[in-house]
*Asks:* 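Okay, handing you the structure first.
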Amino acid sequence: MIILEDIHKVYLRKNVETTALKGVSLQVDKGDIFGVIGYSGAGKSTLVRLVNYLERPTSGKVIVDGQLLADRSAHELRQIKKDIGMIFQHFNLLESKTIYQNVAMPLILSKKGKKETKERVTELLAFVGLSDKANSYPNELSGGQKQRVGIARALASKPKILLCDEATSALDPQTTQSILDLLKKVNNEYGITIMLITHEMSVIQKVCNKVAVMEEGEIIEQGSVLDVFGHP
Ligand code: ADP
Ligand code: ADP
């Protein structure tokens, strides 16, 4: 589903080069919940941003769903991006829009009809347990509820892949557990492949089947969670 082959990434900012990734290779299979763990600055965020083409590799191959991203036209990339949803640490909701409007946004942008949009948003809000919040605004919601909105919005265009960038790092342990349970349900019920990055071992142990451990731009260990970390 996702293949990264010998990826190097060097950022150049104000004539200063920063090497973020040094020859990273990994494979995420369909149906995986694949965790990437490492300290801040290890290159995790760069890695996920390569998958949805927010960043381009300096060298190496990014292959998503069998397609080499570098070979795709702008039009094809837009299509591929619809297959990839993303959620964020700080949720990235539009504060001036209602919960309904936030979840509907990707459908409105891809010019779906009103009826289809309404059905889809209603279904998604029910799926994440927020049917009663449709007309609320983000600032009326708890952190966990905001992340549920983020998940509903990410699912709106029926992606095959969900990328999670420190999605539970701003949440308390109990809320984290409920969001991880919801991610499991997304994986189970919709068959969506999940790639998540975190600095917390407990997150990996609770939801992931596979893990890559990153340090200073390299993967130092990779495999099933049981093989890498042993039994909890
Ligand atoms: P992590 O997500 O593990 O904290 P990042 O991928 O954010 O790691 O960062 C890896 C390295 O790349 C860090 O040294 C960081 O400062 C650098 N970096 C990340 N993004 C940029 C950027 N847009 N421009 C320059 N350097 C960057
Ligand atoms: P359809 O193609 O009519 O949506 P599916 O069998 O693909 O039928 O999906 C069954 C239900 O699950 C539908 O209500 C659909 O909206 C929902 N669904 C399917 N795939 C996804 C996805 N990737 N994200 C969110 N919901 C999905």
Side-chain angles (χ1 to χ4, degrees), residues 1-28 32-64 68-70 74 77 80-81 84-93 143 146-147 150-151 153-154 159 161-173 175-176 179-180 183 192-225 228-229:
M1 182 107 265
I2 302 169
I3 298 173
L4 301 183
E5 240 177 67
D6 198 20
I7 301 285
H8 290 257
K9 176 68 186 179
V10 181
Y11 290 106
L12 182 61
R13 198 161 53 184
K14 293 181 185 153
N15 283 324
V16 179
E17 284 192 352
T18 308
T19 302
L21 298 174
K22 309 173 195 170
V24 167
S25 299
L26 62 76
Q27 177 169 336
V28 180
D32 276 346
I33 303 186
F34 192 105
V36 178
I37 187 167
Y39 295 118
S40 175
K44 307 182 295 296
S45 173
T46 301
L47 196 71
V48 291
R49 281 181 289 151
L50 286 165
V51 174
N52 66 357
Y53 235 43
L54 285 174
E55 293 288 351
R56 319 226 156 181
T58 307
S59 68
K61 287 182 186 166
V62 182
I63 298 165
V64 175
L68 182 64
L69 294 191
L77 277 177
I80 293 171
K81 282 185 179 181
I84 306 177
M86 188 155 180
I87 59 173
F88 308 90
Q89 178 171 8
H90 298 295
F91 324 118
N92 297 11
L93 303 180
K146 285 185 201 177
Q147 195 55 289
I151 291 169
R153 180 182 56 186
I161 297 171
L162 178 64
L163 304 176
C164 312
D165 188 347
E166 297 280 2
T168 56
S169 299
L171 305 174
D172 62 62
T175 311
T176 291
I179 294 298
L180 295 179
L183 290 179
I192 295 178
T193 304
I194 297 181
M195 185 168 180
L196 69 82
I197 65 179
T198 182
H199 61 277
E200 290 173 297
M201 174 85 102
S202 58
V203 167
I204 301 282
Q205 285 178 322
K206 279 175 185 151
V207 286
C208 297
N209 63 320
K210 291 190 197 146
V211 65
V213 183
M214 289 196 72
E215 215 175 271
E216 295 180 12
E218 291 178 293
I219 293 180
I220 57 168
E221 229 177 320
Q222 177 169 200
S224 79
V225 172
V228 174
F229 292 130

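We count ligands from 1, going down the list as the structure has it; atoms in each ligand are counted the same way. Model, not experiment: these values are computed from the prediction.
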*Asks:* NZ of K61: more than 12 outside heavy atoms within 6.0 angstrom?
*Replies:*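 Count not over threshold, so no.
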
*Asks:* To the nearest 0.5 Å, tell me how far I2 CD1 sits from L50 CG.
*Replies:* 11.0 Å

*Asks:* How far does CG of L26 sit from CG of L4, to the nearest 0.5 angstrom?
*Replies:*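 CG of L4 is found 4.5 Å from CG of L26.
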
*Asks:* Name the atoms and distances for all side-chain donor-acceptor pairs under 3.5 Å in residues 192-203, with sequence neighbours left out.
*Replies:*
from	atom 1	to	atom 2	distance (Å)
T193	OG1	G31	N	2.9
T198	OG1	E200	N	2.9
H199	ND1	E166	OE1	3.1
H199	ND1	E166	OE2	3.3

*Asks:* Once side-chain hydrogen bond (donor to acceptor under 3.5 Å, both in side chains) is applied, what residue pairs with a partner in residues 10-20 remain, sequence neighbours excluded?
*Replies:* Y11-T46, Y11-R49

*Asks:* Enumerate the protein residues lying less than 4.0 Å from ligand 1, judged by heavy-atom distances, in chain and residue-number order.
*Replies:*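 Lining ligand 1: Y11, R13, T18, A20, Y39, S40, G41, A42, G43, K44, S45, T46, R49.
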
*Asks:* Strictly by salt bridge (Lys or Arg N to Asp or Glu O under 4.0 Å), give each pair with a member in residues 32-45 just once, sequence neighbours left out.
*Replies:*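 Sorted pair list: D32-K210.
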
